[in-house]
Amino acid sequence: MQAIKNLFPLLNQPKKVVITMHQKPDGDAMGSTLGLYHFLNKLGHNCTVISPTNWADFLNWMPGCDKVLDYESQPNKADALIDEADYIFCLDFNVLSRTKRMEEKLKLAKGNRILIDHHQEPQTAVFAFGISDTGKSSTAEMVFDFIVESGNIDKIDATIGECLYAGVMTDTGSFRFPSTKASVHKMVYELKERGLEHSHVHEALFDNFLENRFRFIGHVLSNRMEVFYEYNTVLMSITQADLIKYNVKTGDTEGLVNYGLSIQGIKLAAVIIDRGEERKSSFRSKDGFDVNTFARKYFNGGGHFNAAGGFNKEPLEEVVIKFKEAIKENVAGLSSYQF
Ligand code: 5GP
Ligand code: MN
């Protein structure tokens with residue numbers, strides 16, 4: 001993988017560009033891809049954003065989201081665009097398997113794959129150009145750097161600002177995680193100077209839920225949450241019947257894991273959801289507990305030091321047993337807690 005700066009001189013010639021992200025995109029995946037999309041369109045490129053799967057409704061307000069192709073619902077159209085693309089930007093993921101059914105297509109693509117990502121252990125061999133930096137708060141911040149370092153800060157407008165702000169704000173837990181370095185606040189300063197209305201983004205993301213989501217959260221907190229004080233751990237395990245009863249849609253479970261981490265003294269919070277085809281897990285931690293390693297070791301997953309996820313094919317009850325065994329094995333790292 002060549003350094004991303006080697007791509008800058010090539011940006012002057014109009015190209016066919018595909019921009020993609022991980023399956024079930026979150027705020028950072030959608031915000032960073034759309035921020036890059038608006039920027040590259042301004043430079044005269046012909047861009048399309050493709051998501052490997054559908055996404056949560058709470059992202060639909062983002063400028064350009066209505067033009068994003070869902071690979072699963074329009075595979076032929078998306079395949080044709082990937083075939084023709086000169087550049088395929090891969091944002092907010094670093095192993096092709098995180099694009100699920102798109103993986104094979106991306107592997108065979110003739111165009112140059114370009115990585116912009118902040119997760120651990122990138123598959124660098126498959127990218128022609130790229131940047132991987134686990135110290136960065138978000139992929140949105142990395143897209144901001146890409147725009148600035150390529151000499152194009154003047155291209156940033158309120159539209160690009162809204163997309164990038166949505167990405168950085170959601171991936172930093174509204175600027176509270178340790179990844180929120182001074183560079184993040186500097187970036188927000190630059191976006192504000194260029195017309196960003198940040199309150200609009202907060203309202204669009206956090207004040208737009210339907211009643212059922214809160215009924216569902218109430219049910220989970222009352223009936224599906226276990227606290228293991230000896231391990232400073234909280235687990236919420238959610239059945240398929242729960243999802244059906246409360247009409248839970250993609251994205252309704254986002255943020256649920258954080259409730260566990262808000263309990264005094266809790267160091268590890270986990271949510272395991274029976275999604276039918278697999279059991280999807282989310283992990284968040286505080287203090288020095290590494291959930292990236294934890295997710296890789298027991299749950300076929302990965303992510304960051306303090307936020308990771310994974311999936312298992314076994315039934316929910318077995319995954320819950322596995323989780324309880326895993327925290328026992330990690331008692332040394334979990335039982336001590338220092339504020
Ligand atoms: P979330 O819990 O929000 O789904 O994911 C938290 C973090 O873990 C994200 O940065 C995400 O990229 C990563 N992650 C979630 N699920 C998986 C997975 O199945 N495999 C890998 N490698 N990373 C995951
Ligand atoms: Mn991210």
Side-chain angles (χ1 to χ4, degrees), residues 19-36 51-53 55-56 58-59 89-100 103 115-123 131-146 163-175 177 179-180 184 187 205 234-236 238 250-261 268-273 275 277-285 290-313 319 323:
I19 307 172
T20 190
M21 55 193 121
H22 58 77
Q23 59 127 6
K24 300 284 174 188
D26 58 4
D28 188 35
M30 192 61 89
S32 60
T33 51
L34 287 175
L36 183 66
S51 168
T53 63
W55 53 87
F58 68 76
L59 299 174
F89 281 87
C90 297
L91 267 56
D92 206 37
F93 70 97
N94 61 25
V95 286
L96 297 183
S97 61
R98 293 222 65 218
T99 63
K100 295 271 161 169
E103 179 181 5
L115 175 74
I116 304 182
D117 177 66
H118 65 139
H119 293 88
Q120 317 237 358
E121 301 186 30
Q123 197 180 12
I131 178 151
S132 156
D133 186 347
T134 57
K136 282 287 169 183
S137 64
S138 55
T139 303
E141 186 188 352
M142 300 177 79
V143 169
F144 175 79
D145 294 345
F146 178 85
C163 297
L164 297 184
Y165 184 82
V168 70
M169 190 259 283
T170 52
D171 251 28
T172 56
S174 303
F175 308 106
F177 299 151
S179 60
T180 314
V184 168
M187 164 185 169
L205 281 167
V234 165
L235 169 66
M236 299 175 207
I238 298 166
T250 301
D252 280 345
T253 54
E254 182 107 10
L256 197 53
V257 66
N258 295 318
Y259 287 95
L261 213 57
L268 169 64
V271 171
I272 305 173
I273 304 177
R275 294 260 179 221
E277 72 275 20
E278 64 190 23
R279 265 47 63 201
K280 191 81 194 83
S281 44
S282 276
F283 306 106
R284 297 290 184 277
S285 67
D290 175 7
V291 284
N292 169 50
T293 304
F294 185 79
R296 271 173 210 277
K297 186 163 175 195
Y298 305 99
F299 300 95
N300 311 305
H304 311 279
F305 193 92
N306 292 124
F311 64 89
N312 293 73
K313 290 291 178 195
V319 184
F323 178 81

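Read the numbers this way: they start at 1 and go in the same order the structure lists the ligands and their atoms. Sequence positions, counted from 1, serve as the residue numbers for this chain.
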*asked:* If the contact criterion is a heavy-atom separation under 4.0 Å, does K280 count as touching ligand 1?
replied: yes
* **Proximity flag R98 to ligand 1, non-hydrogen atoms under 4.0 Å** => yes
Subset of ligand 1 atoms that lie under 4.0 Å from at least one heavy atom of [X]:
{"X": "G303", "result": "8 (O), 13 (C), 23 (N)"}
{"X": "F311", "result": "19 (O)"}
{"X": "H304", "result": "10 (O)"}
{"X": "A307", "result": "7 (C), 8 (O)"}

Can you tell me the protein heavy atom closest to [atom] and the distance?
{"atom": "atom 18 (C) of ligand 1", "answer": "G309 O, 3.6 Å"}
{"atom": "atom 6 (C) of ligand 1", "answer": "R284 NH1, 3.6 Å"}
{"atom": "atom 9 (C) of ligand 1", "answer": "H119 NE2, 3.9 Å"}
{"atom": "atom 22 (N) of ligand 1", "answer": "G302 N, 3.5 Å"}
{"atom": "atom 20 (N) of ligand 1", "answer": "G301 CA, 3.6 Å"}

In the structure I gave you, are the side-chain heavy atoms of [X] and [Y] within less than 4.5 Å of one another anywhere?
{"X": "T293", "Y": "F305", "value": "no"}
{"X": "M21", "Y": "T139", "value": "no"}
{"X": "T33", "Y": "T20", "value": "no"}
{"X": "R275", "Y": "F311", "value": "no"}

Hey, which N, O or S atom on [X] ends up closest to the Mn ion (ligand 2)?
{"X": "D28", "value": "OD2"}
{"X": "D92", "value": "OD1"}
{"X": "D171", "value": "OD2"}
{"X": "H118", "value": "NE2"}

Polar side-chain atom of D92 near backbone of D28 as donor-acceptor pair, under 3.5 Å = no
- Message: Using side chain to side chain contact (heavy atoms under 4.5 Å, CB included), reason through L91 and L115 one step at a time and then give a plain yes or no.
- Response: CA-CA 6 Å; L91 267 56; L115 175 74; over 6 Å; no
Heavy-atom closest pair (N94 atom, H119 atom, distance to 0.1 Å) is ND2-O, 3.0 Å
Any salt bridge between E278 and K100, counting N to O under 4.0 Å?
-> yes
| request: Please say whether N300 places an N or O atom under 3.5 Å from an N or O atom belonging to ligand 1. | output: no
May I ask you to check if ligand 1 and S282 share an N or O to N or O distance below 3.5 Å?
yes
Worksheet entry | Mutual orientation of the aromatic rings belonging to F323 and F299 [parallel < 30°, tilted 30-60°, perpendicular > 60°] | tilted
Open item on the list: In terms of relative ring orientation, are H118 and H304 parallel, tilted or perpendicular, with 30° and 60° separating the classes?
Closed with: tilted
So T253 and K280, side chain to side chain contact (heavy atoms under 4.5 Å, CB included) or not? Walk me through it. CA-CA 11 Å; T253 54; K280 191 81 194 83; over 6 Å; no
- N/O/S atom of D26 inside 2.8 Å of the Mn ion (ligand 2), strictly under: no
